[in-house]
Amino acid sequence: MTAFNLLSEPIRKYIRDQKWESLRPIQEAAIQRIIATDNNYVLISRTASGKTEAAFLPILSKVNFKEQGVKVLYISPLIALINDQFTRVEKLCAYLDVPVTKWHGEASKGAKDRLIKAPEGIVLITPESLEAMFVNKPYNIHHLFSTLDYVVIDEIHSFLGSDRGIHLQSLLQRLQKVNKNTFSTVALSATVSDEHKYAELKDFLGDPAKTKVIRDIDPKPITAVFKYFEGSVEELPLDLLKDLYIRTRDRKILVFPNARGRVEEVAVKLKKLSEKVGGHTNYFSHHSSVDKEVREYVEFFAKKSTHENFCISCTSTLELGIDIGNVDEVAQIDATHSIASLIQRVGRSGRREGKSSSLFLYATNQWSLLQSAACWLLFKEHYIEPVSINSKPYDVLVHQLLSIVKGSSGITLSKLSEEISGNAAFKNITVEETIEIIAHLTAIDFLEKLGQEYIIGIEGEKVVNTKDFYTLFHTPVFFRVSSQGVKIGELPLSPQIRTDENIYLSARIWKITDIDYESKKIEVMAAKDGNKPRFFGDAADIAPKIRETMLEILMSVEQYDFLDEAGQEAVRQMRKKFSVYDLKSHQTDRPLFSGNDKLTFYSFTGSRVNRTLSFILKRMGIKNELFENESEFELEFSQKSDFMSVFKDVNLNNVNFDHALAELIETSPEVLSFSKWGIYLPVSFQAQLLRHRYFDFEGCNVFLQNLNFVENQ
DNA sequence: GACCTGCTGCGGAGTG
């Protein structure tokens, strides 16, 4: 039987009314399987290939909504995505008379109250709203979500390998526990590495044996053009902006300049160029520090512009599936930090069926060009970096312990540790470890033992009862920027923020007229000229494979026709620089340059291995400075022989890690800043957290074992 | 130089 005939009549009517000529391959496959089995499924296919329908058409055909209670729970990483999907799912559900309810921090309270009065249909929710319900209204979890047939997780790759993902995994396990029957899960994803046969994905859904992957790898025609304009970190080269302007003049285009300050620089300067020659003025910026309403307007403008051109300069805020309609082209300024990110960005253009995507890759320095070219080559090989899973998420455990205790009105130690040991998100954490952490939380008054039961302690109340409790991630404090009551965005307090200073924000130029340190507000007025704003952040980690490919490019003699003349020349220069080494293998051989009074070592490996290596070298008394963008170590040795005699003892077995890590935490506690909840752990567990999340000792060990220094000739 | 993500409950004012 064809997939279409397996669907219920109302759903078939919906499809006929949409005038779809056929079902997409991923939909065909998903319908056949979801209707016939109770397996969990992960649907992998590119953006705008009908994944949402691939999940909902069969689920809506199969589920009996006449029964009491909510039957389908859809979980999304973004509010904006919930709002988009709500419109689509509601239209579909109108054919079945099934109600759909949005449940997130900005959703209507009235609609939530109506659902509580009559729990039914489909609910769209964020992990944090689900967490809030577990903590504050645990009875509502039972009341609303104990009759689930299906859980749908959108954009699951955005959760994979992150603390937020482990959090969600834990919530799903807790949700399953209150359900009368086992619910099935359907997860949707655009980009996931298959290096470990999707083991991380299958684990995530809790039941690997019952979890199947359906993948549609329909390669999309895509052309790339590289353009090299050497420039400074401070400002983009004018020639680059002029070249980019020509791209934006008569197209709908997204530009990804990697950093918020640069996003503003691009938007403001392109708009100025356009104004000068009388071009369109639809230049926008879109990133986390642009006011939410302004961002929504930009998304709305892009979606409704069928004939009007526009240019949105943006960060990863426009990487995920928010519907902004069709875009003709994507421009990337300097290298992406991952292939996964490149795939998402490329997927933003030519979304219309049969239309090919175009990609413009600009680079402003040689190393960035090299990284960009490596990402492009790997992209063409369909490579995606594997996600790194934290097998010992002690910090998420702290958070979930507090959540469980708060959600119960007193819980015994055995019941509490049983909740954790039965939760697959914490399967690699032993009962003894859990009990030790509970004891520590009690010692620091986060928990309190009352008779046989644990409740939230005095210090614990302070964190559990704030709205900041529901997330696993930190949020920095920013000053809100507005002009005469109109909200524009927000900025971090930096030396740059002074009265009379002129800055870019939301693609416009402003003069700061007043700063209110008390209420954290900045008042501005329109101005004619200024500077890009400064934000502070961490650079994302680069995968070892990207760095290896960069070395492979340097060792090769191939002429890449995707590079422009300046790019060809830049690659020639870099190859010349590295031609003094007789490199034979990009996997093991690494250049060691001895010149003046220092040695330079190019490791060409991932950020976490570099970080670990730098740490180990320092522990063993080898002073070094790491330049991550070049994957380069400067070593304080003038003679290679001196260095080698010390280096031969560099071995992971020669370092007492527990001691070294504890000392690191004591001397520089800021290394733990990546973990919001890790600060409440005993020091020995914090050391473990560093070991598994911040460093990569296993990877570094393999790197050292294979390492073959090659000296310049 | 360096990404992103989300948010309860309650009180009080304003609106239909």
Side-chain angles (χ1 to χ4, degrees), chain A residues 75-83 102-107 109 112-113 125-138 140 154-165 167-168 171 231-236 256-265 285-290 292 295 313-322 332-338 340-342 344-345 364-365 367-368 371 399 403 406-407 461 463-476 492 494 496 531-542 607 627-630 674 676:
Chain A
I75 301 174
S76 151
L78 301 177
I79 289 178
L81 202 56
I82 288 185
N83 295 342
K102 284 190 271 192
W103 193 297
H104 56 66
E106 291 165 20
K109 180 96 172 32
K112 292 177 184 172
D113 289 343
I125 200 165
T126 59
E128 286 74 17
S129 281
L130 197 54
E131 172 64 54
M133 201 184 284
F134 266 111
V135 170
N136 298 312
K137 304 269 182 71
N140 271 347
D154 209 348
E155 307 270 13
I156 193 170
H157 57 275
S158 74
F159 291 111
L160 231 50
S162 74
D163 286 347
R164 198 179 183 205
H167 182 204
L168 175 58
L171 294 173
S232 70
V233 175
E234 276 309 307
E235 261 189 296
L236 286 166
F256 289 93
N258 287 351
R260 283 170 287 181
R262 264 206 169 164
V263 162
E264 292 296 346
E265 187 191 355
S285 76
H286 193 287
H287 55 79
S288 64
S289 297
V290 171
K292 186 148 188 155
R295 280 155 70 181
S313 177
C314 56
T315 59
S316 51
T317 46
L318 284 185
E319 236 179 62
L320 290 184
I322 306 167
Q332 171 69 43
I333 302 179
D334 284 327
T336 55
H337 61 81
S338 69
S341 181
L342 182 63
Q344 291 285 114
R345 292 175 186 191
T364 63
N365 68 73
W367 285 95
S368 177
Q371 184 175 323
H399 181 260
S403 167
K406 170 77 179 175
E461 290 285 354
V463 297
V464 171
N465 291 329
T466 63
K467 57 186 168 76
D468 200 36
F469 177 72
Y470 312 106
T471 56
L472 263 288
F473 47 87
H474 276 299
T475 21
S494 72
Q496 188 190 18
N531 297 299
K532 65 177 179 185
R534 291 214 185 99
F535 293 91
F536 311 100
D538 297 314
D541 290 344
I542 310 292
S607 311
F627 301 90
E628 176 55 30
N629 285 349
E630 294 85 26
F674 64 85
K676 181 167 156 187

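In the text below, chain A, chain B and the rest are named by the order of the sequence lines, each starting its count at 1. What you see below is based on every heavy atom in this structure, not just the backbone, and it leaves out hydrogens, waters and symmetry mates.
Put simply, CZ on A/R262 is 8 Å from P on B/dA2, counting in whole angstrom units. Counting to the nearest Å, the P atom of B/dA2 and the CG atom of A/N258 are 10 Å from each other. Regarding A/L81, its CG atom lies at a distance of 17 Å from the P atom of B/dC4, rounded to whole Å. Spacing between atom CG of A/D538 and atom C1' of B/dC3 amounts to 10 Å, rounded to whole angstrom units. The separation between A/F256 atom CZ and B/dC4 atom C1' is 13 Å, rounded to whole Å. If you measure from atom CD of A/E234 to atom C1' of B/dA2, you get 13 Å, rounded to the nearest angstrom. One interatomic measurement links the two molecules: NE2 of A/H337 to P of B/dC4, which rounds to 10 Å at whole-angstrom precision.
Relative to the six-membered ring of A/F535, A/R260 meets both conditions, a distance below 6.0 Å and an angle of at most 45° to the axis.
Residues satisfying the salt bridge (charged side-chain N to carboxylate O under 4.0 Å, His left out) criterion with A/E628, sequence neighbours excluded, are A/R547. Listed by chain and number, the residues in a salt bridge (charged side-chain N to carboxylate O under 4.0 Å, His left out) with A/E155 amount to none (sequence neighbours excluded). Shown here are the side-chain hydrogen bond (donor to acceptor under 3.5 Å, both in side chains) partners of A/S129, two or more places apart in sequence or in another chain: A/T126. Qualifying salt bridge (charged side-chain N to carboxylate O under 4.0 Å, His left out) partners for A/D113, counting only residues two or more places apart in sequence or in other chains: A/K109. In this view, A/K292 and A/E106 satisfy the salt bridge (charged side-chain N to carboxylate O under 4.0 Å, His left out) rule, not counting sequence neighbours.
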message: I'd like to compare against my own output: the B/S/- annotation of nucleotides 5-16 of chain B with a strict under-4.0 Å heavy-atom distance to protein.
response: BBBBS-------

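A/E319 comes within contact range of no nucleotide atom at all, as no heavy-atom separation falls under 4.0 Å.
The side chain of A/R260 contributes an N or O atom lying less than 4.0 Å from OP1 or OP2 of B/dC4.
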